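Got a structure for you, written out below as structure tokens; questions coming shortly.
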Protein chains: 2
Amino acid sequence: MDPVEVPLPASRPLRADARRNREALLSAARQAFLGGDTDAHVEDIARSAGVAVGTLYRHFETREALIEEVYRKEVDDLCAAPAELLAQHPPEEALRRFLLLLVEHAAVGKGMSVVLESIMATDSPVFDEARARMADALSRLLEAGAAAGTVRGDVTGPTLLRALGGICGMRATEGWLTEARQITALLFDGLRHGAAGAA
Amino acid sequence: MDPVEVPLPASRPLRADARRNREALLSAARQAFLGGDTDAHVEDIARSAGVAVGTLYRHFETREALIEEVYRKEVDDLCAAPAELLAQHPPEEALRRFLLLLVEHAAVGKGMSVVLESIMATDSPVFDEARARMADALSRLLEAGAAAGTVRGDVTGPTLLRALGGICGMRATEGWLTEARQITALLFDGLRHGAAGAA
DNA sequence: CACATAAGCGGAGTCCGACTCACCTTATGG
DNA sequence: CCATAAGGTGAGTCGGACTCCGCTTATGTG
């Protein structure tokens with residue numbers, strides 16, 4: 001009777017205005033979330049994107065889904081970094097820089113630290129991909145370091161990811177950044193401690 | 001006209017039934033939160049304590065306030081541990097054991113990890129006291145270790161607290177405990193690395 | 001023991017914010 | 001230029017935290 005719904009809803013070209021609105025929503029949400037306002041109201045986000053709530057819900061299943069989308073994009077940027085760092089520095093230094101990069105990134109706003117924390121501390125399947133990619137990025141750094149003999153070999157990407165999650169999960173308060181850098185240095189020392197070349 | 005409200009609302013003896021109900025509410029909330037159900041409904045908590053919501057709100061300003069109260073009590077237990085450990089073990093070992101104790105404690109349920117995370121990652125003034133006490137506990141361990149020359153002296157209690165917050169903030173998933181132990185060991189190695197006695 | 005009275009309690013009702021739905025608007029391909 | 005389906009709208013629903021006020025009861029005084 002109905003001519004078999006094509007099970008390929010993935011790649012429908014998406015009408016021009018729809019694309020614009022989707023973009024505007026993501027941008028508005030990004031502004032809200034990455035700024036401090038982690039519990040911005042959907043109504044406000046929709047309004048500041050110049051659309052109605054109905055439109056927002058046409059594009060994103062739930063409020064959460066919208067947040068996740070915003071956050072996922074941020075993580076993409078971070079995941080690009082390791083490759084670049086490895087190309088320009090010895091593995092140990094690349095690792096050190098990436099750890100600090102995460103910290104600085106988390107420092108730009110309460111929102112971003114929530115992103116990273118969500119990636120690392122939630123078991124939401126939505127973040128599985130981001131988590132996996134980030135863990136992968138770390139693994140590459142660790143392996144390069146282990147191969148060079150400057151980093152211990154018994155710590156895996158996922159494990160380090162967890163440890164970092166905590167640091168990024170801190171909410172920015174007075175002196176936060178200093179502490180975060182110190183903890184990172186601590187972890188880094190721990191990572192070098194068991195290296196083949198060290199004690 | 002009104003005979004000057006005594007500004008000592010702190011120590012009003014509290015009627016017997018009220019005391020009972022307050023206890024019952026805390027107990028019910030504890031059961032709910034420390035078990036997995038971190039977003040238990042106030043209505044349900046009240047019901048399972050055998051009272052109405054009104055009563056709940058007589059005792060606790062908001063839902064949050066109730067949660068915080070429950071969590072604060074849990075932390076009290078933990079803060080008692082360092083003194084005992086220091087009495088029975090050399091400082092370095094006491095420190096190691098306390099770190100692991102935190103991990104095990106966080107492992108008993110999703111709820112408890114939320115407690116610890118809240119203590120460490122929020123700047124809510126409500127947790128100020130708990131945070132301070134925990135930081136103090138860690139400081140004592142670190143100082144004892146530094147005095148004995150087995151732990152580096154440039155890390156403070158509050159800083160280590162932050163680092164641990166992350167570990168406890170992880171939500172229990174398959175293999176979580178193993179990772180947490182590994183990260184703790186990593187931190188511990190980092191702490192010993194810069195010690196006077198070491199390299 | 002009886003009573004006064006203030007502490008305490010109940011639970012229907014308010015408020016507010018996420019989400020839905022029935023109808024209107026408009027891009028687009030023929 | 002029209003048909004038509006994708007897209008947009010926003011008043012309305014729903015659910016959950018919190019309030020309010022009249023009723024209940026512990027408690028201490030004569």
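All chains are named by letter (A, B, ...) in the order of the sequence lines, taking the proteins before the strands, and each is independently numbered beginning at 1. As the structure is a prediction and not an experimental result, all values here were calculated from the model.
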Side chains of residues 90-101 of chain A: which donor-acceptor pairs under 3.5 Å do they make with residues two or more places apart or in other chains?
residue	atom	partner	partner atom	Å
E92(A)	OE2	R192(A)	NH1	3.1
E93(A)	OE1	R96(A)	NE	3.2
E93(A)	OE2	R96(A)	NH2	3.1
E93(A)	OE2	R97(A)	NE	2.9

dG10(C) OP1/OP2 closer than 4.0 Å to side-chain N/O of T55(B):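 True: T55(B) side-chain N/O within range (under 4.0 Å) of dG10(C) OP1/OP2.
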Residue pairs, two or more places apart or on separate chains, that pass side chain to side chain donor-acceptor pair (under 3.5 Å) and touch residues 135-144 of chain B: D136(B)-R140(B)
Of the listed nucleotides dT28(C), dG10(C), dT9(D), the one nearest the side chain of V51(A): dT9(D)
Any H59(B) side-chain N or O less than 4.0 Å from OP1/OP2 of dG8(C): no
Atom pair distance, as rounded to whole Å: CG in L56(A) and C1' in dC21(C): 16 Å
Side chain to side chain donor-acceptor pair (under 3.5 Å) involving D39(B) - partner list, sequence neighbours excluded: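 Applying side chain to side chain donor-acceptor pair (under 3.5 Å) to D39(B) gives none.
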Partner residues of R15(A) under the side chain to side chain donor-acceptor pair (under 3.5 Å) criterion, sequence neighbours left out: D17(A)
Main-chain N/O of P13(A) paired with R19(A) side-chain donor or acceptor, under 3.5 Å: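 Checking the backbone N and O of P13(A) against the side chain of R19(A), no donor-acceptor pair under 3.5 Å is found.
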All side chain to side chain donor-acceptor pair (under 3.5 Å) counterparts of E69(B), not counting sequence neighbours: R72(B)
Rounded distance (nearest 0.5 Å) linking atom CG of L141(B) with atom CG of L85(B): 7.0 Å
Please output the side-chain donor-acceptor pairs of residues 42-56 of chain A that fall under 3.5 Å, not counting sequence neighbours, one pair per line with the distance.
residue	atom	partner	partner atom	Å
D44(A)	OD1	R47(A)	NH2	3.3
S48(A)	OG	D44(A)	O	3.4
S48(A)	OG	I45(A)	O	3.3

Footprint string (nucleotides 11-24 of chain D, 5' to 3'): B base within contact, S backbone only, - free, heavy atoms under 4.0 Å: B----SSBB-----
Considering only nitrogen or oxygen atoms on both sides, find all protein atoms under 3.5 Å from nucleotides 2-4 of chain C and state each distance.
none

Summary of salt bridge (Lys or Arg N to Asp or Glu O under 4.0 Å) pairs that have at least one residue in residues 52-65 of chain A, sequence neighbours excluded: none
Relative orientation of the end axes in the helix from dC1(C)-dG30(D) to dG30(C)-dC1(D), expressed as an angle to the nearest 10° (five pairs per end):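 For the helix from dC1(C)-dG30(D) to dG30(C)-dC1(D), the axes at either end differ by 10°.
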All salt bridge (charged side-chain N to carboxylate O under 4.0 Å, His left out) counterparts of D37(B), not counting sequence neighbours: none
Whether over 12 other heavy atoms sit under 6.0 Å from E23(B) CD: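 Result for CD/E23(B): enclosed.
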Heavy-atom side-chain contact between I183(A) and V103(A) under 4.5 Å: no
Atom CD of Q31(B) with >12 non-hydrogen neighbours under 6.0 angstrom: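 No, not enclosed.
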Spacing between F60(A) atom CZ and dG7(D) atom C1', to the nearest angstrom: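 Nearest whole value for this atom pair: 14 Å.
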Interface with DNA chain D, restricted to residues 17-24 of chain A and to heavy atoms under 4.0 Å: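 D17(A), A18(A), N21(A) - these, ordered by number, are the residues of the stretch whose heavy atoms sit under 4.0 Å from the strand.
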